[in-house]
2 protein chains.
Amino acid sequence: MSRKSASVRREEILAATVEEIESTGLRTLRVADVAARLGLSPSLVIYHFVTKEALVAAAFAHAGENDLYRARRLAATRKPAAQRLRDVVQWYMPTGSTRSWKIWIDGWSAGLFDDGVKSTFSILDREWKTILSELIVAGLEVQEFRFSHAREVTEASANGPTGTTVSEMADDCATRILAYLDGLAVQLIFNPESVSPETLSSWVDAFVARELE
Amino acid sequence: MSRKSASVRREEILAATVEEIESTGLRTLRVADVAARLGLSPSLVIYHFVTKEALVAAAFAHAGENDLYRARRLAATRKPAAQRLRDVVQWYMPTGSTRSWKIWIDGWSAGLFDDGVKSTFSILDREWKTILSELIVAGLEVQEFRFSHAREVTEASANGPTGTTVSEMADDCATRILAYLDGLAVQLIFNPESVSPETLSSWVDAFVARELE
DNA sequence: GGTTTTACTGAATCGCTGTTCAGTTAGCTT
DNA sequence: AAGCTAACTGAACAGCGATTCAGTAAAACC
């Protein structure tokens, strides 16, 4: 039987874990199933990750970083900022299969009462916000975006008109966009008949346009 | 030891289950803990609900119906439609404690791979949409709301301009509002430092205003 | 007051699954 | 080629927790 270096095996196991979570969910995740998926013994999984809890936490971080990696590449193109923003948003969206989204909903649930997972999600979320926020700022600088609306919203809030920098406003804007995307993903899973992927996509476009017109 | 009628006991057990889920989450929910919360034997819980899975499903439906009941009352006031819409939206929002929201995130996760729970959530979601949708239609009739924006969005979508009734448009509008609320709730839980309840509230107001200006 | 129904319990069961551990062997080093 | 390190396995363990079941006693009913 072929042996592999620890780092390679760990990667394989993480990938298998992610697949397993996506296909059957966290509730019924068994270490044995992850191992079986690779034709390995359950002991090996524990050998590499010490505990199931740690395995799960690592798997979420792994999946999250993968998505982020792709997003960062999309954000680093030479296209105009507006287009790059669109690309990144499209990538975040549950366009094709809702399958890949299920893992995040499962992850939220796990994060509710597990501080390790929770902080992983906080971090991933902030990374996404940073990507979007920077794209927004970039677009503002080249005047692809206005910001009329966001400014108005921010000034109406309790913060008061002073002390809100452009980047803070962009952060908030990113937060709103991501929130909308998350919420729509949930809708897509629980009421797929009421929202088709296409309408969903157009709604998101409209939302972004309203934020940055 | 005091005995109670089956229906009363069931209610008690459901309430206790909801509390238990809210405080420690679904992952670690044990029948024994629910029973202990009421000073009863675990066997009794099973006696009434046959299986843990059924108990959990019933608990979600129970909690959901409770929230809906309150929402319907808020929607049936004599206030102007705009105000009632506000009230219902505020009630849906995670204003005070995020605690009550955790159960829904847990519920989504459970619904991902449990068709019983999933359909419960579909139903609850449709109920919420109906409430909002009817309020929107009511507001339109009295011309408290315009609908300029929503019309424009709908016509831009793949459906084509024909065949979209007012009530369909209101439904879609409700879907978008609920999605935004769901997404913001998730944000509030995983990045409470980046969004205060107040700003969140103002964002929602702005969103609704944009939809119905 | 007796009988039946039905809420309720305690203890035992039983399956499941994460984890341990003693041992095996592939593959690198020298 | 010998030896060491580290990946890997199989079988056993262990604990948890849902479910069962035989039995108890409140109510409800007559």
Side-chain angles (χ1 to χ4, degrees), chain A residues 1-60 62 106-107 109-110 113-117, chain B residues 1-60 62 106-107 109-110 113-117:
Chain A
M1 299 169 188
S2 70
R3 293 188 173 190
K4 306 195 175 173
S5 75
S7 63
V8 171
R9 249 304 111 87
R10 283 179 57 99
E11 289 280 314
E12 279 185 5
I13 294 175
L14 286 177
T17 306
V18 170
E19 284 168 23
E20 196 65 24
I21 294 175
E22 280 175 350
S23 72
T24 65
L26 202 53
R27 318 278 326 279
T28 62
L29 180 73
R30 284 176 300 178
V31 179
D33 293 338
V34 174
R37 201 171 260 267
L38 298 168
L40 301 171
S41 67
S43 339
L44 185 63
V45 176
I46 294 297
Y47 170 73
H48 281 297
F49 290 93
V50 183
T51 174
K52 180 191 177 184
E53 204 181 333
L55 169 68
V56 170
F60 280 127
H62 181 77
D106 248 342
S109 158
F113 301 96
D114 177 323
D115 288 337
V117 175
Chain B
M1 298 170 189
S2 70
R3 293 192 171 187
K4 306 195 176 174
S5 75
S7 63
V8 171
R9 250 301 114 84
R10 283 179 58 100
E11 288 281 314
E12 279 185 7
I13 294 174
L14 287 176
T17 306
V18 170
E19 285 170 22
E20 196 65 24
I21 295 175
E22 280 177 349
S23 73
T24 66
L26 202 53
R27 316 280 322 283
T28 61
L29 180 72
R30 285 176 300 179
V31 179
D33 292 338
V34 174
R37 202 173 261 266
L38 298 167
L40 302 171
S41 67
S43 339
L44 185 63
V45 176
I46 295 298
Y47 170 74
H48 280 296
F49 291 91
V50 183
T51 174
K52 181 190 175 182
E53 205 181 332
L55 170 68
V56 170
F60 279 129
H62 182 77
D106 248 342
S109 158
F113 300 96
D114 178 323
D115 288 336
V117 176

K.L.:
What's the closest nucleotide to the side chain of B/S43 if the choices are D/dT19, C/dG18, C/dG10?
P.N.:
C/dG10
K.L.:
May I ask you to verify if any side-chain N or O of A/T51 is less than 4.0 angstrom from the OP1 or OP2 atom of C/dT19?
P.N.:
yes
K.L.:
Between atom OH in B/Y47 and atom C1' in C/dA11, what is the gap in whole Å?
P.N.:
19 Å
K.L.:
Let me spell it out: for each of A/R30 and B/K4, pick the nucleotide of DNA chain C with the closest heavy atom. Which residue's pick is nearer the 5' end?
P.N.:
B/K4
K.L.:
Side chain of A/R3 only, please: which of C/dT9, D/dA18, C/dT25 is the nearest?
P.N.:
C/dT25
K.L.:
I need the CD1-C1' distance between A/I46 and D/dA14, as an integer number of Å.
P.N.:
15 Å
K.L.:
Counting only heavy atoms not in B/R27, do more than 12 fall under 6.0 Å of its CZ?
P.N.:
no
K.L.:
With heavy atoms under 4.0 Å as the rule, sort B/L38 into base, sugar-phosphate or nothing.
P.N.:
nothing
K.L.:
Return the nearest nucleotide to the side chain of B/L40; candidates are C/dA26, C/dT6, C/dT9.
P.N.:
C/dT9
K.L.:
Any heavy-atom pair between the side chains of A/T24 and A/E20 that's under 4.5 Å?
P.N.:
yes
K.L.:
Does C/dT6 have OP1 or OP2 sitting under 4.0 Å from an N or O in the side chain of B/H48?
P.N.:
no
K.L.:
Does any part of the side chain of A/I13, heavy atoms only, come nearer than 4.5 Å to the side chain of A/F49, both counted from C-beta?
P.N.:
yes
K.L.:
May I have the distance from B/I13 (atom CD1) to C/dA7 (atom P), rounded to whole angstrom?
P.N.:
11 Å
K.L.:
Answer whether the closest heavy-atom distance between the side chains of B/R9 and B/L38 falls below 4.5 Å.
P.N.:
no
K.L.:
Starting at NZ of B/K52 and ending at C1' of D/dT19, how long is that distance when rounded to a whole Å?
P.N.:
12 Å
K.L.:
Assign A/S5 to base, sugar-phosphate, or nothing according to its heavy-atom contacts below 4.0 angstrom with the strands shown.
P.N.:
nothing
K.L.:
From the options D/dT9, C/dT19, C/dA7, select the nucleotide whose nearest atom is closest to the side chain of B/L44.
P.N.:
C/dA7
K.L.:
If I take atom CZ in residue A/R9 and atom P in nucleotide C/dG27, what distance separates them, rounded to the nearest angstrom?
P.N.:
11 Å
K.L.:
Evaluate the side-chain proximity of B/L29 to B/L26: yes if any heavy-atom separation is below 4.5 Å, no if none is.
P.N.:
yes
